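These values consider heavy atoms only, across backbone and side chains, with no hydrogens, waters or symmetry-generated copies. Here the structure is a predicted model, which means the values were calculated and not measured. Numbers here simply count residues along the sequence, with the first being 1. For ligands, and for the atoms within them, numbers begin at 1 and follow the listed sequence.
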Amino acid sequence: MVGKELGYVADAIRRGCSAGDAEFTQKCHRLLEEELGVPRAFLTTSCTAALEMAALLLDIRPGDEVIIPSFTFVSTANAFVLRGARPVFIDVRPDTLNLDETQLERHITSRTRAVVPVHYAGVGCEMDCILEIASRHSLAVVEDNAHGLFGRYKGQHLGTFGHFATQSFHETKNFTCGEGGALLVNASEYIERAEIIRQKGTNRARFYRGEVDKYSWVDIGSSFLPSDILAAFLYAQLEAREDIQARRKRIWETYSESLRDWADANDIGLPTVPEHCEQSYHMFYLLLPSLDDRQALINHLKRRDILSVFHYLPLHLSDMGRRFGGRVGDCPVTEDVSDRLLRLPFYNDLTEADQQEVVDTVRQFSPALSISATA
Ligand SMILES: Cc1ncc(COP(=O)(O)O)c(C=O)c1O
């Protein structure tokens with residue numbers, strides 16, 4: 001917590017307007033719109049819900065294809081599969097682990113409707129190239145920006161490139177309200193319908209603005225909006241964005257500086273952030289030489305009570321992915337990094353002393369020693 005969360009939550013409860021779209025939700029909307037320069041921001045109950053809204057707004061139907069990196073969270077694909085689309089999984093670049101834009105065009109067919117770049121770890125995808133290809137083939141672009149709030153690509157905020165972008169405020173993210181998200185609508189023609197779909201398919205928002213004298217069912221939709229109590233918690237976090245980002249920058253740079261020589265000496269990869277990308281400082285990961293080395297380092301850290309985690313399992317090789325035709329070898333980079341990637345502890349309240357202990361413990365580890373220890 002950064003300080004004002006509980007006061008704002010108490011305020012939201014005291015006002016007696018704790019349902020969605022009350023005072024704090026509006027404050028979050030305006031802050032996101034002004035900071036990012038997007039036409040409309042809508043808080044949602046999760047990034048998953050925002051992705052589902054994007055699929056509804058694009059009228060995705062059975063038979064449509066949506067291009068998605070295999071190296072991402074389940075929801076990036078599921079939101080479109082729920083509408084009957086076939087996910088077409090493509091591989092990621094070996095440096096940033098973002099959708100490999102050089103492979104995009106050859107995955108486009110007459111059925112392709114959208115492409116979903118994921119800004120992995122809050123480092124921007126190659127948006128110039130992706131947008132150019134998408135525009136040439138009349139495809140919608142939905143940025144899954146779950147990790148990347150306030151990151152930039154060539155000076156422009158992530159989340160402002162696609163027709164839509166989706167944000168996550170899950171507890172694991174830089175800014176959180178436990179569970180939460182947002183849909184950013186950049187293509188203004190979708191704003192009115194987004195408002196309706198988010199409010200159970202009703203024109204309730206127009207009613208609240210006094211534009212209609214009663215509200216009714218006008219379209220499909222669902223309940224995608226969070227309680228104002230959650231928005232109150234989130235608003236305190238968003239207000240403290242500079243402080244939060246400064247803390248995370250310091251944590252990221254400490255890992256990078258303290259582990260660089262150890263990583264080089266042990267053939268271990270560290271995150272790549274291209275010059276033209278300002279990252280969001282969402283995570284710090286290591287790329288170990290092999291799956292066995294990763295397991296050995298997880299065990300080594302666990303012995304000191306340090307929790308390290310890995311992700312993502314390649315979506316094309318999951319049970320669902322295989323039902324859509326995924327096979328071993330389809331996305332070799334994803335299959336490789338998914339075995340070797342390890343995330344180090346990274347949260348806003350990580351103290352310098354605790355981080356130093358993580359660094360010292362990591363530096364005691366050597367893949368070569370782990371092999372001889374298990375041989
Ligand atoms: C890339 C990506 N997209 C979407 C999500 C889903 O976010 P949420 O938990 O807010 O639904 C996640 C979750 O971590 C994610 O990593």
Side-chain angles (χ1 to χ4, degrees), residues 20 28 32 41-56 66-82 87 89-93 96-100 114-125 127 130 141-151 153 158-159 161-162 164-184 198 222-227 230-231 233-234 237-238 248 271 279-285 309-316 318 320-321 331 334 337-338 341-343 346-347:
C28 289
L32 290 170
F42 291 104
L43 287 196
T44 55
T45 46
S46 62
C47 183
T48 303
L51 285 160
E52 289 173 14
M53 278 186 69
L56 283 166
V66 178
I67 298 178
I68 294 163
S70 177
F71 191 64
T72 183
F73 189 69
V74 178
S75 300
T76 319
N78 227 353
F80 297 92
V81 171
L82 267 173
F89 294 112
I90 80 171
D91 211 352
V92 291
R93 297 168 54 113
T96 55
L97 313 186
N98 280 332
L99 179 150
D100 185 346
V115 53
V116 192
V118 176
H119 303 301
Y120 182 69
V123 175
C125 294
M127 291 313 294
I130 293 169
V141 176
V142 180
E143 297 173 73
D144 181 336
N145 196 28
H147 304 173
L149 187 57
F150 302 131
Y153 167 80
L158 302 180
F161 293 91
F164 304 106
T166 62
Q167 303 297 151
S168 176
F169 300 119
H170 182 264
E171 73 165 347
T172 50
K173 302 302 186 293
N174 297 22
F175 307 92
T176 178
C177 55
E179 298 274 359
L183 179 73
L184 309 179
R198 179 169 164 273
S222 191
S223 184
F224 288 115
L225 73 171
S227 155
L230 289 177
F233 195 98
L234 179 64
Q237 298 248 316
L238 291 175
R248 297 189 72 99
Q279 60 157 320
S280 63
Y281 301 101
H282 175 54
M283 73 171 88
F284 193 90
Y285 61 83
V309 290
F310 60 85
H311 73 181
Y312 298 110
L313 299 176
L315 284 185
H316 69 286
S318 62
M320 274 299 278
C331 300
T334 300
V337 296
S338 156
L341 186 142
L342 182 71
R343 296 173 61 173
F346 197 151
Y347 42 91

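The only option from Asp144, Asn145, Thr44 that meets the side chain to side chain donor-acceptor pair (under 3.5 Å) definition with Gln167 turns out to be Asn145.
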Enumerate, atom names and distances included, each donor-acceptor pair closer than 3.5 Å involving a side-chain atom of residues 116-125, sequence neighbours excluded.
{"residue": "His119", "atom": "ND1", "partner": "Cys125", "partner atom": "N", "Å": "3.0"}
{"residue": "His119", "atom": "NE2", "partner": "Glu143", "partner atom": "OE1", "Å": "2.7"}
{"residue": "Tyr120", "atom": "OH", "partner": "His311", "partner atom": "NE2", "Å": "2.8"}

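In this structure, the separation between CZ on Phe175 and CG on Leu32 is 10.0 Å, given to the nearest 0.5 Å.
Classification of the His147-Tyr312 ring pair by plane angle, with boundaries at 30° and 60°, yields parallel.
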Short N or O separations between ligand 1 and the protein, below 3.5 Å:
{"residue": "ligand 1", "atom": "3 (N)", "partner": "Asp144", "partner atom": "OD1", "Å": "3.2"}
{"residue": "ligand 1", "atom": "3 (N)", "partner": "Asp144", "partner atom": "OD2", "Å": "2.7"}
{"residue": "ligand 1", "atom": "10 (O)", "partner": "Cys47", "partner atom": "N", "Å": "2.9"}
{"residue": "ligand 1", "atom": "10 (O)", "partner": "Ser168", "partner atom": "OG", "Å": "2.7"}
{"residue": "ligand 1", "atom": "11 (O)", "partner": "Cys47", "partner atom": "N", "Å": "3.3"}
{"residue": "ligand 1", "atom": "11 (O)", "partner": "Thr48", "partner atom": "N", "Å": "2.9"}
{"residue": "ligand 1", "atom": "11 (O)", "partner": "Thr48", "partner atom": "OG1", "Å": "2.5"}
{"residue": "ligand 1", "atom": "14 (O)", "partner": "Lys173", "partner atom": "NZ", "Å": "2.8"}
{"residue": "ligand 1", "atom": "16 (O)", "partner": "His147", "partner atom": "NE2", "Å": "2.9"}
{"residue": "ligand 1", "atom": "16 (O)", "partner": "Tyr312", "partner atom": "OH", "Å": "2.8"}

- Task: Under the side chain to side chain contact (heavy atoms under 4.5 Å, CB included) rule, what do Leu56 and Phe224 come out as? Steps first, then yes or no, please.
- Result: CA-CA 12 Å; Leu56 283 166; Phe224 288 115; 3.9 Å; yes
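Side-chain contact check for His282 and Ser280: no donor-acceptor pair (N or O, by modelled atom type) lies under 3.5 Å.
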